[in-house]
Amino acid sequence: MSSSKALIKTLIKNPTRIKTKHQAKQLHAQFLRTQSLSHTSASILISIYTNLKLLHEALLLFQTLESPPVLAWKSVIRCFTDHSLFSRALSSFVHMRASARCPDHNVFPSVLKSCTMMSDLRFGESVHGYVVRLGLGCDLYTCNALMNLYAKLQGMGARKVFDELPQRIDCDTVSSALPLGIDSVRKVFELMPRKDVVSWNTIVAGYAQSGMCEDALRMVREMGSEDIKPDAFTLSSVLPIFSEYVDVKRGKEIHGYVIRKGIDADVYIGSSLVDMYAKSARIEDSERVFSHLLRRDSISYNSLVAGYVQNGRYSEALKLFRKMVNAKVRPGPVAFSSVLPACAHLSTLHLGKQLHGYVLRGGYSDNIFIDSALVDMYSKCGNIKAARKVFDRMNVHDEVSWTAIIMGHALHGHGHEAVSLFEEMKLQGVKPNHVAFVAVLTACSHVGLVDEAWGYFNSMTEVYGLNPELEHYAAVADLLGRAGKLEEAYDFISKMRVEPTGSVWSTLLSSCSVHKNLELAEKVAEKIFAVDSENMGAYVLMCNMYAANGRWKEMARLRLKMKKLGMRKKPACSWIEFKDKTHGFVSGDRSHSSMERINEFLEGVMEQMEKEGYVADTSGVLHDVDEEHKRELLFGHSERLAIAFGIINTEPGTTIRVTKNIRICRDCHVAIKFISKITEREIIIRDNSRFHHFNRGSCSCGDYW
DNA sequence: GTAGGGTTAG
């Protein structure tokens with residue numbers, strides 16, 4: 001008996017010798033067998049349990065104590081924090097204070113962490129006051145936690161406000177009204193008598209996340225002079241700065257340092273490097289870093305997935321996402337908002353739907369990022385109804401989700417709906433940003449709402465203090481051109497406050513072609529060739545216009561030039577999904593295995609079309625061939641092949657969805673209207689700028705496009 | 001007690 005009491009004594013004096021749950025329970029049992037459990041020894045047992053993160057056991061014992069001593073309180077508070085039960089940690093802290101127990105310094109890091117995780121700045125500030133009153137304001141760990149609290153909670157609020165400010169408003173008025181988190185961080189930092197690498201890392205991260213990049217880098221240099229070596233934490237705060245600045249050279253230096261320090265396989269460093277290289281358009285370097293990682297978590301995967309998306313490598317993004325799922329790495333919520341845009345770009349509705357299912361099963365349905373991405377994915381994949389459903393089901397709408405649905409309706413030709421959604425957004429108190437204006441102007445342009453567009457364009461500067469950017473000018477120029485106000489459009493573009501790109505002029509050129517104004521077209525083409533001498537589309541359009549006007553000499557001259565420059569027409573392609581596979585068709589290509597059946601179908605339907613009054617419009621065909629051959633060429637246009645493939649392979653009544661890489665030609669637009677009527681199918685085509693919904697012989701664009 | 005990836009864009 002006495003030897004066991006001695007054993008207990010030694011163990012109680014060295015609680016760290018208890019290393020396993022089994023040992024702890026044995027000690028507990030010994031206690032109960034040999035002596036009654038005093039408050040002190042119970043507290044020590046609780047702290048042993050909590051050190052082993054055994055919350056349940058600790059709580060059972062804790063509940064037997066009538067007035068728990070400080071050690072017991074401290075232990076359970078820490079344990080709640082370890083288990084992410086932050087609100088219970090905080091309520092325990094309140095209870096402890098109510099029982100007049102005076103805590104010592106080592107509770108505060110946990111309490112402050114809980115405040116941070118709960119985003120409870122108020123509580124955190126009152127804890128700060130309490131710390132100071134207790135004279136514990138110099139404790140290293142407590143101060144580190146305080147800095148983190150201010151950096152996370154005050155910093156975020158301040159940053160958000162700055163992001164939304166139009167540049168014209170004087171920043172002084174704002175910074176004095178809002179306490180900047182970084183100031184509080186700085187204050188705590190400067191008062192610390194002793195600082196360790198964590199203190200430095202916290203302030204570096206604080207500066208970096210407040211966008212004060214130079215200060216962050218300055219602090220890293222200062223660290224060096226205080227003889228504190230930057231570690232993996234420091235570097236992963238600093239690396240995103242280089243991706244933001246797209247300064248690969250300095251980033252590479254850091255990469256070298258990381259390799260020399262042997263921390264290049266660190267997951268955090270790894271994903272920062274992947275991200276940095278991707279943002280500098282060096283995706284191959286991202287891939288290399290990724291392939292060297294020893295361990296890959298969902299964030300390292302997603303850094304590369306996001307990198308692929310940022311660099312337009314959508315299929316690779318989807319492939320890697322699949323690889324991640326196969327590797328049994330659970331995608332976090334962020335992964336979906338990276339991979340959904342890839343589906344949106346590729347128009348892969350079946351994949352997007354699968355991802356949506358995954359989102360629902362994974363319980364991520366209330367995430368505003370994911371929902372916005374879903375809205376965008378559905379509308380870009382041609383299913384505006386599904387997009388609207390997701391949007392209407394959302395609890396809160398921010399400017400991004402509003403913009404996604406407005407743009408969706410705009411792309412589907414529902415200009416009036418888009419405009420009224422824009423008005424609704426403003427009524428709800430959500431301020432439109434640059435992108436929202438791009439969306440509403442696009443909506444106006446697709447349905448020809450000239451007056452409304454002017455109103456919105458002017459309100460940007462007059463009401464919202466936003467400077468119009470290239471996209472806004474482009475949308476207005478496009479609108480004027482489509483509406484036939486060609487001269488007005490020309491003047492507008494000439495007077496833009498941003499240098500117009502070739503593509504802005506190009507939209508006007510195609511309007512000139514539609515409205516048959518050769519004289520202005522020549523002026524516009526000159527502008528285009530001045531900035532982009534090899535603009536294929538402009539050459540083709542001009543050739544067509546010269547041909548239509550019988551100006552054969554000019555046409556021949558251009559054709560010759562095109563030949564010299566070695567230009568070839570970008571092949572027109574269309575895609576259609578069938579049985580979870582994407583089938584691609586190139587104009588005039590007869591290699592698809594179903595080609596015979598496709599031709600048979602097209603010939604049959606053509607016969608009926610002609611009976612109903614279809615006449616081929618060959619004016620858009622640029623070839624030196626006879627009429628008969630031209631009609632054949634139209635016959636082989638890629639969208640017709642894709643539609644035919646869709647119709648012969650699906651049940652009657654199934655909607656046909658086709659994606660095309662360039663604009664539909666006039667003739668196909670007419671032809672598809674007939675096809676939709678004859679076959680009683682809804683046919684949805686996405687070209688490079690919008691959707692056309694063909695149904696019962698008419699198109700949603702109302703032939704305005 | 002400290003760190004990395006995300007949604008809307010003619």
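A, B, ... follow the sequence lines: proteins, then strands. Residue 1 opens every chain. Predicted model only: the values in this text are computed from it and were never measured.
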Would you mind classifying the nucleic acid contact of A:S689 as base, sugar-phosphate or nothing, using non-hydrogen atoms under 4.0 angstrom? base

Please verify the inter-ring angle class for A:H409 with A:H414; under 30° counts as parallel, over 60° as perpendicular, anything in between as tilted. tilted

Rounded to whole Å, the OH-C1' distance (A:Y141 to B:dG1) equals 7 Å

Considering every strand and a 4.0 Å limit on heavy-atom distances, what is the contact class for A:N688: base, sugar-phosphate, or nothing? base

As a test of understanding, state which of A:D266, A:I263, A:V197 forms a side-chain contact (heavy atoms from CB on, under 4.5 Å) with A:D231. A:V197

Strand-adjacent residues in residues 286-304 of chain A, judged by heavy atoms under 4.0 Å from DNA chain B: A:D297, A:S298, A:I299, A:N302, A:S303

Atom-to-atom span, CG of A:N433 to P of B:dA9 - whole angstrom: 11 Å

If the cut-off is 4.0 Å, is A:Q209 near the phosphate of B:dT2, judged by side-chain N/O to OP1 or OP2? no

Using atom OH of A:Y364 as one end and atom P of B:dT7 as the other, report the distance to the nearest whole Å. 17 Å

Hey, is the side chain of A:K152 poking within less than 4.0 Å of OP1 or OP2 on B:dA3, counting only N and O atoms? yes

Going by modelled atom types, is there a donor-acceptor pair between the base of B:dG6 and the side chain of A:N367 at under 3.5 Å? yes

Taking the six-membered ring for Trp, does A:F233 stack with B:dT2 (centroid gap under 5.5 Å, planes within less than 30°)? yes

Whole-Å distance, A:I370 CD1 to B:dT8 P, equals 13 Å

Kindly say if A:N148 contacts the phosphate of B:dT2, meaning a side-chain N or O under 4.0 Å from OP1 or OP2. yes

I need the CG-P distance between A:L235 and B:dA3, as an integer number of Å. 14 Å

Nearest-Å distance for atom pair CZ/P, residues A:F242 and B:dG4: 15 Å

Are OP1 or OP2 of B:dG1 and a side-chain N or O of A:K195 less than 4.0 angstrom apart? no

To the nearest Å, how far apart are A:L239 CG and B:dT2 C1'? 16 Å

Counting the atoms with a prime plus P, OP1 and OP2 as sugar-phosphate, which does A:D478 contact under 4.0 Å by heavy atoms, base, sugar-phosphate, or nothing? nothing

Go through the structure and list residues passing salt bridge (Lys or Arg N to Asp or Glu O under 4.0 Å) with A:D398, not counting sequence neighbours. none

Counting side-chain heavy atoms from CB outward, which of B:dG1, B:dG4, B:dT7 is closest to A:S272? B:dG4

Do A:K431 and A:Y464 meet the cation-pi criteria used here (NZ or CZ under 6.0 Å from the six-membered ring centre, within 45° of the axis)? no

Residues that A:E125 engages under salt bridge (Lys or Arg N to Asp or Glu O under 4.0 Å), provided they are two or more places apart: none

If you compare every side-chain N and O of A:Q310 against the phosphate oxygens of B:dG6 (OP1, OP2), does one of them come in below 4.0 Å? yes

Within the modelled atom types, does a donor on one side and an acceptor on the other bring the side chain of A:D266 and the base of B:dG4 under 3.5 Å apart? no

Quickly work out the A:N311 CG to B:dG6 P distance and round it to whole Å. 12 Å

